[in-house]
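Worth saying up front: this structure is predicted, and the values here are computed from it rather than measured.
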Amino acid sequence: MLSLPYIRENKDLVIKGLAIRNFPNAEKLIGEVLDTDIKRRALQAELDNTLAESNKLSKEIGNFFKAGEVQKAAIAKEKTGKLKERSKTLNEELNGFENELTELLYQIPNIPNTLVPPGNSEEDNEVVFQDGEVPKLHQGAVPHWELAKKYDIIDFELGNKITGAGFPVYKGKGAKLQRALIAYFLDRNTEAGYTEVQPPLMINEASGLGTGQLPDKEGQMYHVGIDNLYLIPTAEVPVTNFYRDVLLKESDFPICNTAYTPCFRREAGSYGAHVRGLNRLHQFDKVEIVRIEHPDQSYQALDGMVAHVKSILQELKMPYRILRLCGGDLGFTSALTYDFEVFSTAQNRWLEISSVSNFETFQANRLKLRFKNKDGKSQLAHTLNGSSLALPRVLAGLLENYQTENGIKIPEVLQKYTGFDLIS
RNA sequence: GGAGAAAUGGCAGAGUGGUCGAAUGCACUGGUCUUGAAAACCAGCGAGGGUCACACCUCCGGGGGUUCGAAUCCCUCUUUCUCCGCCA
């Protein structure tokens, strides 16, 4: 959520920024926020004065009792009674405005970075980099779901039986390959300076609010009603929430974590050809990188994360490209996002395998994640995260691009993890 | 699941109805001393709101209550610890 002082001081910038996102009625909404804020502050001042007077009287009463002046104490007591009623009313009104304000602020997405191109949809995303050769596949090359069946490495029907659609069972060399990818990603990340962590796979409400999944997107998470917990949709949520309500020192930066976790997403409302096979699942594995940065350093950090993910894809020798998301495609909480896509040769389409974002202070504000700056004041930190990488689509791309007539080859960097170089 | 104890500033830890936003120690920041560092000494040092700046207000796990007045008393929730039971 944007901070009120920021909106107050940068009204025009905020409205302009929201326009890049095609956010409707920005001007009206921001106007409402500022109006409510003014009302809130006026009421706050009045309440403060009432309380100040009441506090003063209380002290006097104490002194009267000590001096044995019971009469005077009784008179003062009567006065405080009235003040108390007044402050109660004021407090209720104030709460009303505060709730209204919070609700308004929850509706406002992050302000896009100046690099973000305007646009409505995927088509307006900017391709900023592309590399890797699209392999020429043999006659009879097939999409991964057919390969999965042919070599018996992923069993979608079995998952249907046990749980439902979107919960595949990995078998044999398929399971091993998946484990190899996870180990490889984690190793690459820790080599790059990220600390490996294993967070809980369920989060409470406060954590969901902290990173912005709640209150609006609760329908996208699985909810364990009896304990009021949510299954994590990404490791970003528990790992970023490590730093909720934390006051850092400047010397703590940079904070770099990496975590492998399964991710759970309800994906309500997505059906059709694009969700076949591994393209869209309810449970999938992902290795995530999360950083907490000094605001002056966060964009450098973002570039570093992009370069890091890039280096992994180079090693895997996969055709990929990097997109800078346009305003219309940008996530609610993000200021700048780079998506990585691998080309799936057999499906003849690009598959998103990573999304690397800088949230600036948007999450930090809700998280109350701050640091003491050089002036000794507390200031909001910047949060960033990215996938490195999301397993199913990497696997899909890998199976499809590395298929030969004799079987599926294993990229060289993975062979020491798999212990085999061919699935046949 | 049962029984008990506890939750206070970055950390540790006093405080059991009125000048307590809170002793003390550690950590941190500045200074003196030193070639430099350490040690020692001196000073400063919680968070949020509010103000041009003060004033002022709020916060001692969360919520509610008693009282003129609550860190302190009561209720409730959450969490932690100890003991018992169960168990990977």
Side-chain angles (χ1 to χ4, degrees), chain A residues 1-9 33-102 104-105 198-210 214-215 224-230 238 241-253 255 292 294 361 363-381:
Chain A
M1 135 174 103
L2 295 178
S3 77
L4 254 176
Y6 180 83
I7 298 176
R8 233 183 268 152
E9 285 155 32
V33 167
L34 294 176
D35 280 353
T36 312
D37 180 44
I38 288 167
K39 284 186 207 154
R40 188 203 108 230
R41 278 188 289 168
L43 213 51
Q44 177 76 256
E46 201 181 341
L47 176 63
D48 284 358
N49 290 335
T50 311
L51 288 173
E53 207 173 319
S54 166
N55 287 343
K56 213 162 121 194
L57 277 172
S58 286
K59 274 184 195 161
E60 279 172 22
I61 291 169
N63 290 333
F64 286 144
F65 275 125
K66 269 186 212 155
E69 297 179 280
V70 182
Q71 198 78 37
K72 285 184 177 174
I75 296 169
K77 269 195 195 186
E78 216 168 296
K79 280 194 208 161
T80 53
K82 279 181 196 153
L83 287 173
K84 207 178 167 186
E85 265 176 58
R86 177 86 185 119
S87 61
K88 202 174 172 183
T89 317
L90 286 170
N91 200 21
E92 276 164 19
E93 281 178 52
L94 185 65
N95 280 339
F97 280 120
E98 274 171 0
N99 292 340
E100 204 178 306
L101 203 51
T102 308
L104 289 169
L105 287 173
Q198 288 190 8
L201 304 182
M202 291 200 257
I203 51 136
N204 56 28
E205 238 172 286
S207 295
L209 282 167
L214 297 177
V224 182
I226 192 166
D227 293 306
N228 196 26
L229 297 172
Y230 297 86
N241 271 282
F242 287 177
Y243 304 95
R244 171 155 48 87
D245 293 319
V246 168
L247 188 59
L248 298 165
K249 289 176 277 189
E250 284 211 16
S251 57
D252 292 329
F253 295 122
I255 293 174
I292 315 293
H294 189 286
T361 59
Q363 290 182 328
N365 188 33
R366 283 206 206 179
L367 291 162
K368 293 207 190 80
L369 163 48
R370 296 156 304 164
F371 67 97
K372 270 256 192 284
N373 66 20
K374 288 205 178 72
D375 303 330
K377 294 205 169 150
S378 40
Q379 192 182 335
L380 293 171

How far, in whole Å, is B:G13 from B:A7 if one measures between their P atoms? 10 Å

For a quick test of reading the model, state the closest non-hydrogen atom pair linking A:Leu51 to A:Ser87 and the distance between them. CD2-CB, 4.1 Å

In whole angstrom, give me the gap between the P atoms of B:G36 and B:G25. 29 Å

What's the gap between B:A71 and B:A23 when it is taken at their C1' atoms, as a whole Å value? 14 Å

So which atom in A:Leu101 and which in A:Arg40 form the shortest heavy-atom distance, rounded to 0.1 Å? CD2-CD, 3.8 Å

Which residues in residues 55-65 of chain A have at least one heavy atom lying under 4.0 Å from any atom of RNA chain B? A:Asn55, A:Ser58, A:Ile61, A:Gly62, A:Phe65

Among all residues two or more places apart in sequence or in another chain, which pass the ring pair (Phe, Tyr, Trp, His ring centres under 6.0 Å) test with A:Tyr230? A:His223

Nearest heavy-atom approach of A:Phe253 to A:Ala381 is CZ-CB, 4.0 Å

Just checking, any donor-acceptor pair under 3.5 angstrom between side chains of A:Asn99 and A:Thr102? no

Looking across every strand, which nucleic acid part, if any, lies under 4.0 Å from A:Ala76 by heavy atom: base, sugar-phosphate, or nothing? nothing

Anything below 3.5 Å on both distances counts as a pair; with that, list the stems of at least three consecutive Watson-Crick or G-U pairs involving RNA chain B. B:1-7 with B:78-84, B:10-12 with B:24-26, B:28-32 with B:40-44, B:46-49 with B:56-59, B:61-65 with B:73-77

If you pin A:Lys77 and A:Lys88 to their nearest nucleotides in RNA chain B, which one's is more 5'? A:Lys88

Which pair of non-hydrogen atoms, one from A:Ala76 and one from A:Ile61, has the smallest distance, and what is that distance? CB-CG1, 3.6 Å

Identify whether any heavy atom of A:Ser378 sits under 4.0 Å from a base atom; if not, whether one sits that close to sugar-phosphate; answer base, sugar-phosphate or nothing. sugar-phosphate

Kindly assign one of parallel, tilted or perpendicular to the pair A:His294 and A:Phe371, based on the angle between their ring planes and the thresholds 30° and 60°. tilted

Positional range of nucleotides in RNA chain B within the contact set of chain A, heavy-atom, under 4.0 Å: B:G18 to B:G69

With A:Met1 via side chain to side chain contact (heavy atoms under 4.5 Å, CB included) - residues at least two apart: A:Leu105, A:Tyr106, A:Asn365, A:Arg366

What interatomic distance, in whole Å, is found between P of B:G2 and the corresponding atom of B:C77? 12 Å

Between B:U8 and B:C20, how far apart are the C1' atoms? Round to whole Å, please. 12 Å

Using the C1' atom on both, measure B:A22 against B:U51 and round to a whole Å. 25 Å

Taking all non-hydrogen atoms of both residues into account, name the closest pair between A:Gly210 and A:Asn241 and its distance. CA-OD1, 4.1 Å

Relative to the 5' end of RNA chain B, which residue comes earlier, A:Arg41 or A:Leu247, by the nucleotide with the nearest heavy atom? A:Leu247

Under 6.0 Å from the CD atom of A:Gln198, do we count more than 12 heavy atoms belonging to anything else shown? no

Listed partners of A:Asp252 passing side chain to side chain donor-acceptor pair (under 3.5 Å), at least two apart: none

